[in-house]
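One structure is given below, encoded as structure tokens.
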Number of protein chains: 2
Amino acid sequence: MPRAGLSPAALVDVALEELDAGGGPLSISAIAARAGVKPPSIYKHVAGLAELEALVGARIYDDLGHELEAATAGLERADAARAFLHAYRAFAVRHPERYRALPVHPLGHPLLEAAGERVLGIAARAVDGLSGDDAIHALRALRAAAHGFATLEAAGGFGLATDVDASFDRLVDRLVAP
Amino acid sequence: MPRAGLSPAALVDVALEELDAGGGPLSISAIAARAGVKPPSIYKHVAGLAELEALVGARIYDDLGHELEAATAGLERADAARAFLHAYRAFAVRHPERYRALPVHPLGHPLLEAAGERVLGIAARAVDGLSGDDAIHALRALRAAAHGFATLEAAGGFGLATDVDASFDRLVDRLVAP
DNA sequence: GGCGCAAGGCTAATCCAATTAGCCAACCCC
DNA sequence: GGGGTTGGCTAATTGGATTAGCCTTGCGCC
């Protein structure tokens, strides 16, 4: 029996394929099958399903963070907030299954905290320039709107034909209005 | 062995208790235990876990719908939208476990469609007076903001001490601004 | 007042995913 | 080319969902 060349990172890759393939929630058996290995072998690389899910979440937060970083680099204030919102939504639209797999509350989980904080930090930078509580309020509004819209869209929740881009633009305009 | 007096509705009651008690996702065994019955007995009343979850979701949407209805009754335009948003958030804060158990996308599921449409209808009434696409855009913004804020708050996602009520009020103001 | 029968419990059994135990080959380093 | 570690595997355990089939309860009806 030849080695399969697995590793935690490789398993995360496989899990992302599995997610993208749309088969609902992750399972050890499905991932093992896709990796060409028997289920127990998975445990040589990760502690169990919970840890693998966390690693997958961390990877997705990382990817999202990089895209948000790139989109907001060099921008400030309203421009940064706009870019943040658009990049956030774009990610969810491009990878709906991955977005759905993201734990809502990464902070407090050892494997997710770092990546989650990075995303939050980028959002915080987008409301820079506001003072004290104003920044907090703006940050929360940004998160709520971005997450709410992304969730509904990733779930296929906008049934009507009316242009969703336009709806999003309206929402963004309201949020970043002076 | 005396009868336990179960019924689909009674099982939904039990499931809600179980949810409120915080034990994560619903399970047939947990519900059976709480109902004082063995797991197989559950199947005399509902088809399986999936159906029970759907019935629970429908009940929660119903309750939410009633509260939204009561909160927006007699109001129009911005007043209705404000009332809708505040009642929506209040529900999620009062019953975070129930809010988390709500399927994001009720439409298209036979058992959830009716209750889901009712909630959507109330939101639609809150943006009445806008014409055509404007109403759609406003409705989507309302849903996204309400759901996003409720989700984050129900997940414990707002860590800082800064007043969350104030943050929500700011967001509402932005959304209903003329 | 008792009979017939559906409804609603139960036990036993099945299936399937997660996980653990313990074996053994493959690979790496010397 | 031997020794230890790594990473597969098979077999076994556990626990939840679900199904099959039995048996009593309780109600309607004679």
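Every chain is numbered from 1 and lettered A, B, ... according to where its sequence line falls, protein lines coming before strand lines. Model, not experiment: these values are computed from the prediction.
- Counting only heavy atoms from C-beta on, Pro39(A) has its side chain closest to dT19(C) among dT19(C), dT18(D), dG9(C).
- By the 6.0 Å contact criterion, CD on Glu76(A) is open, its count of non-hydrogen atoms from other residues, nucleotides or ligands being 12 or less.
- Using modelled atom types, one side-chain atom of Ser27(B) and one backbone atom of Ala30(B) make a donor-acceptor pair closer than 3.5 Å.
- The distance between atom NZ of Lys38(B) and atom C1' of dT18(D), rounded to the nearest whole Å, is 17 Å.
- Atom CD of Glu53(B) and atom C1' of dA17(D) are 12 Å apart (whole Å).
- Between Phe91(B) and Tyr99(B), the ring centre distance reaches or exceeds 6.0 Å.
- Counting heavy atoms of neighbouring residues, nucleotides and ligands inside a 6.0 Å radius, atom CZ of Arg77(A) does not exceed 12 of them.
- Using a cutoff of 4.0 Å between basic side-chain nitrogens and carboxylate oxygens, Asp165(A) and Arg89(A) are scored as salt-bridged.
- In this structure, Glu51(B) atom CD and dA17(D) atom P are separated by 15 Å, rounded to whole Å.
- In this structure, the nucleotide among dC9(D), dA20(D), dA17(D) sitting nearest to the side chain of Ser27(B) is dA17(D).
- Candidate nucleotides dA17(D), dA12(C), dT19(C) were compared by shortest atom distance to the side chain of Tyr43(A), and dT19(C) ranks first.
- Atom CD1 of Ile42(B) is separated from atom C1' of dG16(D) by 13 Å (rounded to the nearest Å).
- Within 4.0 Å of Gly5(B), counting heavy atoms only, lie sugar-phosphate atoms of the nucleic acid but no base atom.
- If you check dA21(C), dC22(D), dG8(D) against the side chain of Leu6(A), the one that comes closest is dG8(D).
- Dashed line: the shortest gap from a side-chain N or O of His45(A) to OP1 or OP2 of dT6(D) is not under 4.0 Å.
- With DNA chain D read from its 5' end, the first of the two nearest nucleotides for Ile28(B) and Ser41(A) is the one closest to Ser41(A).
- Taking atom NZ of Lys44(A) as the reference point, atom C1' of dA25(C) lies 12 Å away to the nearest angstrom.
- Residue Ser29(B) places at least one side-chain N or O under 4.0 Å from the OP1 or OP2 atom of dA17(D).
- Atom CD1 in Ile31(B) sits roughly 13 Å away from atom P in dG16(D) (whole-Å rounding).
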